[in-house]
Amino acid sequence: MTKVLVWAEHDNATLKEATLHAVTAGAQLGGVTLLVAGAGVAAVAEAAKQVAGVDAVLVADDAAYGAALAENVAPLIVQLLGDFDAFVAPATSHGKNIAPRVAALLDVAQISDILTVEGPKTFTRPIYAGNAIATVESTDAKLVITARTTGFAKAAATGGSAAVSPVSGAGDAGLSSFVGAEVAASERPELTSARVVVSGGRALKDAETFASTIYPLADKLGAGVGASRAAVDAGYVPNDYQVGQTGKIVAPEVYIAVGISGAIQHLAGMKDSKTIIAINKDEDAPIFQIADLGLVADLYTAVPELVSKL
Amino acid sequence: MKILVPVKRVIDYNVRPRVKQDGTGVDLANVKMSMNPFDEIAVEEAVRLKEKGVATEVIAVSIGVAKAADTLRTALAMGADRAILVQTEETVEPLAVAKILKAIAAEEEPGLIVLGKQAIDDDSNQTGQMLAALWGRPQGTFASKVEVEGDINGGAVLVTREVDGGLETVKLSLPAVVTTDLRLNEPRFASLPNIMKAKSKPLAQKTPEDYGVDIAPRLKVLKVAEPAGRAAGVKVESVDALVAKLKELGVA
Ligand SMILES: Cc1cc2nc3c(=O)[nH]c(=O)nc-3n(C[C@H](O)[C@H](O)[C@H](O)COP(=O)(O)OP(=O)(O)OC[C@H]3O[C@@H](n4cnc5c(N)ncnc54)[C@H](O)[C@@H]3O)c2cc1C
Ligand SMILES: Nc1ncnc2c1ncn2[C@@H]1O[C@H](COP(=O)(O)O)[C@@H](O)[C@H]1O
């Protein structure tokens, strides 16, 4: 039986939903063991063992793993992979940072951002900002994979009862250290797991206008808030709001694009949404070529009216 | 210290890629090719570090077809001092690119290697991390700010990274690998005089064999297909119609 080690995404306190998607991807290859590497991660391990479909949980609790520094974590994973056939990480910023370092240390190619598992060593993945889908087969002895969370349903967070065992690695490689983080706290649903996402583009003018226009709509719908690169670059919202080829990949039930033109790099991050709604004053905006429902209107009249009628 | 900047020649980001009828790949015949946008940012950052006196020399490297020399000339016109073209007609996967870059790093002993975070053709997002692993050095990926303290002997680089939750800063001992995100800087346009000057800057010609690297692919591409299409829907006349639709979808 193929044995798969899956990277658990967490913040040392809670297990992140991305993990549940990666477990589903891993389970399509074989039996899943979750690796919880971090500092003070007892609560995460407790949540990890309850995830349905997880056979075992390995816990590496060490200050050196607290910030998921790739220099420290990759050697631990390589050491553990002696007993596994595959490593799967969600395609989060941690996953994308760590997995290639693991692959290179093992001298195997990495398969990035898989959408589907087609066979024991065959996968589909997007290339050219999702304008093409490649089917690739690995010829390496071990697999190193990052899985696009929107490609795989979430495993149930409860129902499992995996055995938990501690593991340890070499700890601090002495190459890097964590200095600090600026985490934007928000009461709104997380962008990548929200049922509804409202995104704003360059048309929103500035941070205040973005906030006073987009947030009331998002709040009415219980939506997460996203943005185009243009809106992020112009400083309307922080970088972690960016949706697209180089931002977050989202596939909510409803995606509402407000004042976003629909550049291919933006579409790459949201075109798998179930229903796409666009509000744009330019009837020829490319976003209308993929929107299920389009409203050609000035957003400054349409959005307040929408908010008042919801 | 020297800075090495790997640059890839890719389809221009404004071009909409077309999948070939036979399903073997994307049609690149007669398509505009440019430097990978993230690599322009990498060149810009390296040149700024030289202008600040942190770096002494900026070396651009490209692995690819003969035409990748054009991409290197662009890097030279932006301010790189010399270039290395590792020429091959084959597709070179990130792991093999990383091996070639590691061999070049062993020869040149740079203090920093600045790459793009992702090539917009294969969208792999691997090469920098793989290079850091093979070189045994730390990595600062998805950088939106880079500050060098000290030099290659005992110095460090502070890298602010764009991550899922916002921003984080890591401190890496030099030498180190950095990969660029879009907000690190705004790359300059090469001026005409600089484009002329670039023509006489040194460009060394190499092959993967010169570095003893086996570039045989590890992944077999079985098929390349168009993604499932998404047809345009309908345009509605009023906000009321939108409200009705949101209600029908059960989100309002
Ligand atoms: C390597 C690379 C990676 C990239 N990655 C990403 C990415 O991940 N995500 C991303 O989003 N972009 C990305 N981009 C940028 C992308 O190419 C576009 O520049 C960007 O998406 C444009 O943002 P926008 O639609 O907000 O702005 P614009 O293209 O300027 O569009 C603004 C739209 O607002 C409409 N508008 C203006 N005023 C009003 C009004 N009053 N009412 C209604 N509508 C109005 C206009 O008609 C227009 O369609 C990337 C680019 C590169 C080169
Ligand atoms: N053939 C190549 N030649 C030079 N640099 C490359 C090449 N392939 C990848 N790179 C570098 O690695 C980065 C990431 O590429 P990738 O891992 O393919 O997404 C790019 O932005 C370049 O800086």
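In what follows, chains carry the letters A, B, and so on, assigned in the order in which the sequence lines appear, proteins first and then strands, with residues in each chain numbered from 1.
Counting heavy-atom pairs closer than 4.5 Å to chain B, the top-ranked of the candidates A:Arg101, A:Glu182, A:Lys96 is A:Arg101. The most heavy-atom pairs under 4.5 Å with chain B, out of A:Asp233, A:Thr301, A:Thr192, come from A:Asp233. Counting heavy-atom pairs closer than 4.5 Å to chain B, the top-ranked of the candidates A:Ala263, A:Ser273, A:Pro126 is A:Ser273.
At least one side-chain heavy atom of A:Leu306 sits under 4.5 Å from a side-chain heavy atom of B:Leu246. Contact check for A:Lys271 versus B:Pro227: side-chain heavy atoms found under the 4.5 Å cut-off. Looking at heavy atoms from C-beta onward, B:Val234 lies in side-chain contact with A:Leu293 at the 4.5 angstrom threshold. With a 4.5 Å cut-off on side-chain heavy atoms, B:Leu182 and A:Thr246 count as touching. Between B:Leu222 and A:Glu118, the closest side-chain pair of non-hydrogen atoms is not below 4.5 Å. Using a 4.5 Å cut-off on side-chain heavy atoms (C-beta onward), A:Tyr128 and B:Asp121 make contact. Using a 4.5 Å cut-off on side-chain heavy atoms (C-beta onward), B:Leu172 and A:Glu71 make contact.
Remark: B:Leu242 CG to A:Ile279 CD1 distance equals 5.5 Å, nearest 0.5 Å. Here OG of B:Ser238 is found 7.5 Å from CG of A:Leu295. Values are rounded to the nearest 0.5 Å. The CG atom of A:Asn239 sits 9.5 Å away from atom CG of B:Asp164, with the distance rounded to the nearest 0.5 Å.
Minimum heavy-atom separation, A:Ala132 to B:Val26: CB-CG2, 4.0 Å. Between B:Pro17 and A:Asn131 the shortest heavy-atom distance is CD-ND2, 3.7 Å. The minimum heavy-atom distance between A:Ile264 and B:Tyr13, with the atom names listed, is CD1-O, 4.2 Å. Taking every heavy atom of both residues into account, B:Gln139 and A:Ala70 meet most closely at NE2-CB, 3.3 Å. In plain terms, the two heavy atoms of A:Ala109 and B:Arg218 that are nearest each other are CB-CB, 3.7 Å. Residues A:Arg195 and B:Leu249 approach most closely at NH2-O, 4.2 Å, considering heavy atoms.
No salt bridge links A:Asp272 with B:Arg230; every basic N to acidic carboxylate O contact stays at or beyond 4.0 Å.
Proximity to chain B (any heavy atom under 4.5 Å) is restricted, for A:Thr122, to the side chain, taken from C-beta onward. Residue contact with chain A, scored on non-hydrogen atoms closer than 4.5 Å, involves the side chain of B:Gln118 exclusively. For chain B, the nearby part of A:Val196 is the side chain; its heavy atoms alone come within less than 4.5 Å. Interface residue A:Gln242: only side-chain heavy atoms are found under 4.5 Å from chain B.
Screening residues 232-248 of chain B for salt bridge (Lys or Arg N to Asp or Glu O under 4.0 Å), with sequence neighbours left out, gives A:Lys309-B:Asp240, B:Lys245-B:Glu248.
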Is there a salt bridge (charged side-chain N to carboxylate O under 4.0 Å, His left out) between B:Lys99 and A:Asp107 once you walk through the steps?
-> CA-CA 10 Å; B:Lys99 288 179 180 177; A:Asp107 192 29; 2.7 Å; yes
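A:Asn97 and B:Thr141 share a donor-acceptor pair across their side chains, judged by distance under 3.5 Å alone.
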